[in-house]
Engineer: 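Have a look at the structure that comes next, please.
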2 protein chains.
Amino acid sequence: MPRQGSTANGRRATVVDVARLAGVSTATVSRVMNRNYPVAAATRERVEEAMRELGYVVNAHARALAGVSGRTVGIIISDVVDPFYAYIARGVEREATAGGRLCLVCSTQGDPQRELAFIELMHERRADAVILVGGSVADRGYRTELERRARELDAGGSKLVLCGRPSLGKDAPTVGVEYDNEGGAFAITDHLLAEGHERILYLGGPPGLSTTKERIAGHRRALEQRGLPRDPALVQPGAFSRQFGHRRMTELLRDGPEFTAVFAANDIVAAGAAQALEEAGMRVPQDVSLVGYDDVPVAQELRPRLTTVHIPLEEMGRQAVRVALAGGDEDDWRAPTTGTLRLGTHLVVRDSVAAPRVVRRRRG
Amino acid sequence: MPRQGSTANGRRATVVDVARLAGVSTATVSRVMNRNYPVAAATRERVEEAMRELGYVVNAHARALAGVSGRTVGIIISDVVDPFYAYIARGVEREATAGGRLCLVCSTQGDPQRELAFIELMHERRADAVILVGGSVADRGYRTELERRARELDAGGSKLVLCGRPSLGKDAPTVGVEYDNEGGAFAITDHLLAEGHERILYLGGPPGLSTTKERIAGHRRALEQRGLPRDPALVQPGAFSRQFGHRRMTELLRDGPEFTAVFAANDIVAAGAAQALEEAGMRVPQDVSLVGYDDVPVAQELRPRLTTVHIPLEEMGRQAVRVALAGGDEDDWRAPTTGTLRLGTHLVVRDSVAAPRVVRRRRG
DNA sequence: GTGAAAGCGCTAACAA
DNA sequence: TTGTTAGCGCTTTCAC
């Protein structure tokens, strides 16, 4: 008795084997698999029986080669564990699955070279779309390379989607999904300002990263609108990590500038800062107010619960695949090969902000 | 001028195009791509130039069809956003990438039918391995189906890896990576017992799920070892969600049995329970002790910080791909087609446990 | 060192 | 309704 799932001589079963066993042609086998063409009930029955008996599993590569889409979308993020990316990935995965597609995921740990390499890999697999998620640092060479890949992808009928990162320019064949990053930063800073804070520390976020720049820009616009000066000592970029938030906050509490509120670059950094504050015996929000960005789950676990900016992360992921696949079906020459969808953000007020009470200690 | 990335007539460039432009045969083009065979420097140069000029990108499907591995591993989890799965996924992704492989991710939302469907899909793509993560409910039909898929996969040279779920039996061609789930539950319960707790509420975890069963088994063993009775009213399974933890804890506080400690089925459930306790004005650990399981980040954010059981999640992911790919390279008939790797768990003592003080309110 | 040609497994005309 | 057959793009003997 042959092992199930293989033919007598040990090979994997193929359409030819199935056809032979069922006494039909390979075309018929193909037709019963794809149900895209009429096949007599009796014939279909025999074919299905043969497939079962042989443990036949269609070869997706052969099928893709023969011309049908591989039905894959690729997503490139910096870390699956980071909730910011995880929620976007969930949106992508759900939308892809809803469209009968599989999702290829790559993590780069923030390395631009790996981004490029992964785009290439997904292109080789003929992914229907590749979605690049998260901010980027402005780099001439990198930008050029990315644009080249975008063109290659486009020439092959796939789309490069920029999700939460700036466009490559009007002539690059990419499509984008953004969120109102600057606006969210403006809103939350203004919230702090309205409570009476005048010295706000901006903490964390890789310097040079587009995400950081936009958040700081919104922050500054709010300051300017109220006629407040910008103090360089009050912006302390760094990593998007809990560890950074904790360490830097600790240092700053010891010998940094005075401030009455902290605007952490994201909720994770805020969690680290909160711990530092706690260890230093400072109460939030009585002694210092604290806000974050992203509105990921940790914001609700912190005590006091964190006031932050909500980003429709999962929705961004969904839209990224929609936008990439829209009109990609046929050759509509007018289909916009470029364009950006922008989603809104909004302030989520919880318990970590109060009016300032005492000015924090003077410097060093 | 032809669009970059395509030939004059608009098709994607193929080896044939490259060969023609470089004035060599397709075999030579293949050889320069794969660097697995000597090619004259000058020839190589011409070919590479042609590839660049044409924007040539190899077709992974054609390559796979021609016999080289697709270098893909598939992972099936229930939700990318859940840190338990996210950390395992990170391990899988990292190990896969380290081995030059790409990672296909599927989320099932806990639906066994989708699990089966996804396994099929990954098989169609000829994944080198498919990793099934997380507990399962014992179901005759499902088990049979799964075993059938495992055989098909095995017949095709791929491996089904059971990660954190019970084996299908000695004769099923699967490989496994587990963690000492029962032992961790025993240890943490015993920790509570040692502090003097005698009425411990077990909260959450889908009933029937292998993960739940094992944790409860460890919990009971600890109780028995100390000669304590098991009270059915004290085990309240449910979902693995924050919402469940919160809702059920609230109800139980109102009209449940007496208890002095809560063993939440995982850290997420613990977070929900903590909130319910907080809302009811009960302090942890003074009024009631609380412990979780998994040791995911939220455990460190809760106040008091949560005592829990650490699971080497990322390591499990890594091992899952190692174990699946080990010896899968050639036809070593002795290579174990089955076998399970078991990793340890350990108690992480933080601040959420203290000796019992008052017995919680009586029922009804 | 390089080329010719035979597949790999499937789909889609085109015939019958 | 079903069969025949020509590819899809690449790798890989086997010759030269």
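Naming: A, B, ... by sequence-line order, numbering from 1 per chain. Source: prediction; values computed, not measured.
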Engineer: Quick one: CZ on R44(B) to CE on M33(B), what's the gap to the nearest 0.5 Å?
Structural biologist: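 Taking CZ in R44(B) and CE in M33(B), the distance rounds to 11.5 Å.
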
Engineer: With nearest nucleotide decided by heavy atoms, which residue, G67(A) or V39(A), maps closer to the 5′ end of DNA chain D?
Structural biologist: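 Closer to the 5' end of DNA chain D: V39(A).
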
Engineer: Could you state the atom-to-atom distance from OH of Y37(A) to C1' of dT1(D) in whole Å?
Structural biologist: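 Atom-to-atom, Y37(A) to dT1(D), this comes out as 9 Å.
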
Engineer: Taking atom types as modelled, is there a side-chain donor on D17(A) or T14(A) under 3.5 Å from an acceptor on the other?
Structural biologist: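 A donor-acceptor contact under 3.5 Å links the two side chains.
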
Engineer: Ignoring backbone atoms, establish whether T14(A) has a side-chain N or O less than 4.0 Å from OP1 or OP2 of dG9(C).
Structural biologist: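 No, because none of the side-chain N or O atoms of T14(A) sits under 4.0 Å from OP1 or OP2 of dG9(C).
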
Engineer: Give the nucleotide from the list dG7(D), dG1(C), dT2(D) with an atom nearest to the side chain of T43(A).
Structural biologist: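 Selected nucleotide: dT2(D).
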
Engineer: Can you find a donor-acceptor N/O pair under 3.5 angstrom joining the side chain of R11(B) to the base of dG9(D)?
Structural biologist: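 Answer no: no donor N or O sits under 3.5 Å from an acceptor.
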
Engineer: Using a heavy-atom cut-off of under 4.0 Å over every strand shown, decide if T28(A) touches base, sugar-phosphate, or nothing.
Structural biologist: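 Counting heavy atoms under 4.0 Å across all strands, the contact made by T28(A) is with sugar-phosphate only.
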
Engineer: Examine the base of dG1(C) for any acceptor or donor lying under 3.5 Å from a partner atom in the side chain of R44(B), and report the outcome as yes or no.
Structural biologist: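 Between dG1(C) and R44(B), which were checked side chain against base, a qualifying N/O pair under 3.5 Å is absent.
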
Engineer: Rounding to an integer number of Å, can you tell me how far E124(A) CD sits from dC10(D) C1'?
Structural biologist: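 Roughly 12 Å, once rounded to whole Å.
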
Engineer: Indicate, with a heavy-atom threshold strictly under 4.0 Å, whether V16(A) touches base, sugar-phosphate, or nothing.
Structural biologist: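 No contact at all - V16(A) keeps every heavy atom at 4.0 Å or more from the nucleic acid.
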
Engineer: Classify A27(B) by what it touches in the nucleic acid, base, sugar-phosphate, or nothing, heavy-atom distance under 4.0 Å.
Structural biologist: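 Base contact - A27(B) has a heavy atom under 4.0 Å of at least one base atom.
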
Engineer: Using a cut-off of strictly less than 4.0 Å, decide whether T26(A) has a side-chain nitrogen or oxygen near OP1 or OP2 of dC10(C).
Structural biologist: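 For dC10(C), OP1/OP2 do not have a side-chain N/O of T26(A) under 4.0 Å.
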
Engineer: For the side chain of M33(A), counting heavy atoms from C-beta on, which of dT11(C), dC10(D), dT1(D) is nearest?
Structural biologist: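 Minimum distance to the M33(A) side chain belongs to dT11(C).
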
Engineer: Atom SG in C163(A), atom CG in L132(A): separation rounded to 0.5 Å?
Structural biologist: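 Rounded to the nearest 0.5 Å, the SG-CG separation comes out at 9.0 Å.
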
Engineer: Looking at dT5(D), dA4(C), dG9(D), which one has an atom nearest to any side-chain atom of V15(B)?
Structural biologist: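 The answer is dG9(D), which lies nearest to the side chain.
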
Engineer: Measuring to OP1 and OP2 of dC8(C), would you say a side-chain N or O of N59(A) lies under 4.0 angstrom away?
Structural biologist: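 Negative; the distance criterion is not met.
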
Engineer: Can you figure out which of dG9(C), dT11(D), dG3(C) approaches the side chain of A66(A) most closely?
Structural biologist: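 Closest of the options to the side chain of A66(A): dG9(C).
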
Engineer: Which of the following nucleotides, dG3(D), dT11(D), dA4(C), is nearest to the side chain of S25(B)?
Structural biologist: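 Shortest atom-to-atom distance from the side chain points to dA4(C).
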
Engineer: Please tell me which of H61(B) and G23(A) maps to the more 5' nucleotide of DNA chain D, matching each residue to the nucleotide holding its nearest heavy atom.
Structural biologist: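 By nearest-heavy-atom nucleotide position, the 5'-most residue is G23(A).
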
Engineer: Looking only at side-chain atoms of N36(A), point me to the closest of dT1(D), dA12(C), dA4(C).
Structural biologist: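 The answer is dA12(C), which lies nearest to the side chain.
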
Engineer: Is there a donor in the side chain of R143(A) and an acceptor in the side chain of S136(A), or the other way round, less than 3.5 Å apart?
Structural biologist: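 On atom types as modelled, these side chains do not qualify, holding no pair under 3.5 Å.
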
Engineer: In Å and rounded to the nearest 0.5 Å, what is the CG to CZ distance from L54(B) to R11(B)?
Structural biologist: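 These two atoms lie 9.5 Å from each other.
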
Engineer: Starting at atom CG of L65(B), determine the distance to atom C1' of dG7(D), rounded to an integer number of angstrom.
Structural biologist: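 Computing the L65(B):CG to dG7(D):C1' distance gives 12 Å.
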
Engineer: Side chain of P38(A), heavy atoms from C-beta onward: which of dA13(C), dT1(D), dT11(C) has the nearest atom to it?
Structural biologist: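 Nucleotide nearest to P38(A)'s side chain: dT1(D).
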
Engineer: Can you figure out which of dT2(D), dG9(C), dT11(C) approaches the side chain of A62(A) most closely?
Structural biologist: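 Looking only at heavy atoms from C-beta outward on A62(A), the closest nucleotide is dG9(C).
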
